[in-house]
Chemist: 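Here it is, the structure, as C-alpha cells.
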Amino acid sequence: YVSETHPVLASFGTPVSYDKLKVATYNIGSCVKLDKSNHASVRNDIVNFIKDNNIDVCMLQEVDKDCARTDSVDQAKAIADALGYHYAYIATLENTSSITYGEITSYGIAIVSRYPITSTDSKDLVYGPREPRKLLKAMIDVDGTETAVICTHFDDSNANEPEYRLESVKVLKTMLDGIDASTPVIFGGDLNQAYAGDNTVVVKEVGEFLNSVTKERYEAKTTYYTDDQGVEHWVQLDYIFTNALVECGRAKVYTPTST
C-alpha cells in the first residue's frame, strides 16, 4: 500500500458563476502509516490537510470501508463528517482476502465536497490481475453551477505495459461524451503512469480531450516515492485534468505529514 503520497492541488478560476474552486487528488493509502498503526491519527491528518488548505473538493484513492484491518471505519464518511462535507464512494474490491490485501470488506475511491453532490455515476475500467478499477463521477452544485468531478485509480501494471490504462482512457472518453458540453469537468486521480514529459503515453491520450494542469503550472511534479529495483526516486503518478471551461490558475504538490 502506498504510505507516502502527495496530493496534487489546483486552484481553478472558471468562466462560470463561481470564481475559484480548490480541488485536490490524494491517494490516502487506506490511512495506513509505514508501521501499519494508528489509522485514526492518519485520518485526522488528512482532515486537517483538507481543512488547513481550504480545499473544496478532494478526490481520494485507496479508501477502506468497514475493513477490520483499519478499525472497521467508513473512511470516506469519517473524513467527510469531520469536515462537514458531502461525499460519494464506490467500492472496487468487496468481500475478499489475499496475502497482499488482507481481509477486505469494501475498498475503493471517493470524492468529498464542500458543495452538495446532486448525483453520482460510475463505470468499470479495464484492469490487470491485481484488482478491479473504476471511474466515479459526482455532479456537484457549486453555487448554482453544476460541475462534473471524476475520480479514478488506474491499473498498476508495469509502466512499459500501459495497455490496461489506455483502455481505461477510452472508458473515460465514453463517460465524458455523456456530459453536457456546457458543464465544467475536472478529472483526477492516481493514474499509475510515471510522468516522462509530453510523450507520456497515458497522459498524452487523456490530453487529446482534456487539459492537464501539469504543464507550466506545478511548483513540483513528483507525487510518489518509490524504490524501483533498488533505485529510490520520486515520480509523478497523480494528475488533474480539466475541460476547456475550467482554467487552472495554480497547481502545487503538497507534502503531508503522515501518509
Side-chain angles (χ1 to χ4, degrees), residues 1-3 5-12 18 20-33 38-94 104-123 133-153 175 184-190 223 238 240 254 256-259:
Y1 297 100
V2 178
S3 53
T5 58
H6 301 265
V8 180
L9 183 66
S11 296
F12 297 103
Y18 53 88
K20 183 182 289 187
L21 189 67
K22 215 169 190 182
V23 179
T25 180
Y26 196 162
N27 184 324
I28 65 172
S30 299
C31 298
V32 175
K33 298 182 74 169
N38 207 349
H39 316 297
S41 172
V42 176
R43 194 170 63 249
N44 188 58
D45 286 345
I46 293 165
V47 168
N48 287 334
F49 170 80
I50 294 172
K51 186 184 300 182
D52 293 347
N53 289 285
N54 199 30
I55 294 168
D56 298 305
V57 179
C58 192
M59 297 170 279
L60 305 174
Q61 302 84 42
E62 297 194 18
V63 182
D64 273 11
K65 180 180 179 182
D66 303 330
C67 294
R69 64 179 186 174
T70 47
D71 307 324
S72 300
V73 171
D74 183 339
Q75 293 181 338
K77 184 179 187 301
I79 291 169
D81 285 352
L83 292 163
Y85 279 20
H86 309 268
Y87 77 99
Y89 168 86
I90 189 164
T92 55
L93 275 176
E94 290 185 292
I104 296 235
T105 303
S106 182
Y107 164 92
I109 55 178
I111 297 168
V112 297
S113 171
R114 184 193 308 275
Y115 299 97
I117 295 173
T118 59
S119 66
T120 62
D121 190 15
S122 66
K123 284 188 179 293
R133 307 284 176 166
K134 294 185 179 184
L135 294 173
L136 171 63
K137 180 183 73 175
M139 299 304 297
I140 299 175
D141 181 353
V142 184
D143 293 338
T145 295
E146 190 173 56
T147 300
V149 177
I150 304 171
C151 172
T152 197
H153 189 187
M175 176 174 275
V185 175
I186 299 163
F187 164 68
D190 182 343
T223 67
D238 307 271
I240 294 175
Y254 285 77
T257 56
S258 64
T259 60

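Because the structure is a prediction, the values reported are computed rather than measured.
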Chemist: Without swapping roles, check the side chain of Asp74 against the backbone of Lys65 for a donor-acceptor pair under 3.5 Å.
Modeler: no
Chemist: Donor-acceptor check, side chain of Thr120 to backbone of Ala88, threshold 3.5 angstrom: yes or no?
Modeler: no
Chemist: Would you say that Ile109 contacts Ile90 through its side chain, given a criterion of any heavy-atom pair below 4.5 Å between the two side chains?
Modeler: yes
Chemist: Just how far is it from atom CE of Met59 to atom CD1 of Ile240, taken to the nearest 0.5 Å?
Modeler: 4.5 Å
Chemist: Determine the minimum heavy-atom distance between His153 and Glu62, stating which atoms define it.
Modeler: CE1-OE2, 3.3 Å
Chemist: Supply the atom-to-atom distance Ile111 CD1 to Leu136 CG, rounded to the nearest 0.5 angstrom.
Modeler: 4.0 Å
Chemist: Closest approach of Ser30 and Arg69, non-hydrogen atoms and distance?
Modeler: OG-NH2, 3.4 Å
Chemist: Out of Leu21, Asn54, Ile140, Val57, which residue meets the side chain to side chain contact (heavy atoms under 4.5 Å, CB included) rule with Arg114?
Modeler: Asn54
Chemist: Is it the case that the side chains of Ser106 and Tyr89 hold a donor-acceptor pair, with the cut-off being a distance below 3.5 Å and no angle test?
Modeler: yes
Chemist: Mind listing the closest non-hydrogen atom pair of Ala110 and Cys151 along with its distance?
Modeler: O-SG, 3.7 Å
Chemist: A side-chain contact here means heavy atoms from C-beta on lying under 4.5 Å apart; do Tyr87 and Ile79 qualify?
Modeler: no
Chemist: In Å and rounded to the nearest 0.5 Å, what is the CG to CG distance from Asn53 to Asn48?
Modeler: 10.5 Å
Chemist: So, Thr70 and Asp64: side-chain donor and acceptor under 3.5 Å apart, yes or no?
Modeler: yes
Chemist: Between Thr152 (side chain) and Lys134 (backbone), is there a donor-acceptor pair under 3.5 Å?
Modeler: yes
Chemist: Looking at every non-hydrogen atom in both residues, tell me the closest pair between His86 and Ala80 and how far apart they are.
Modeler: O-CB, 4.2 Å
Chemist: Can you name the nearest heavy-atom pair linking Cys67 to Ile104, along with the distance?
Modeler: SG-CA, 4.1 Å
Chemist: Give the minimum heavy-atom separation between Phe49 and Ile55, together with the two atoms involved.
Modeler: CE2-CD1, 3.3 Å
Chemist: Do Thr25 and Asp190 have side chains that get closer than 4.5 Å, going by heavy atoms?
Modeler: no
Chemist: For the residue pair Val149 and Ser113, establish whether any side-chain heavy-atom pair is separated by less than 4.5 Å.
Modeler: no
Chemist: Supply the atom-to-atom distance Leu60 CG to Ile50 CD1, rounded to the nearest 0.5 angstrom.
Modeler: 6.0 Å
Chemist: Not counting sequence neighbours, which residues clear side chain to side chain contact (heavy atoms under 4.5 Å, CB included) with Thr118? List them please.
Modeler: Met139, Asp141, Glu146
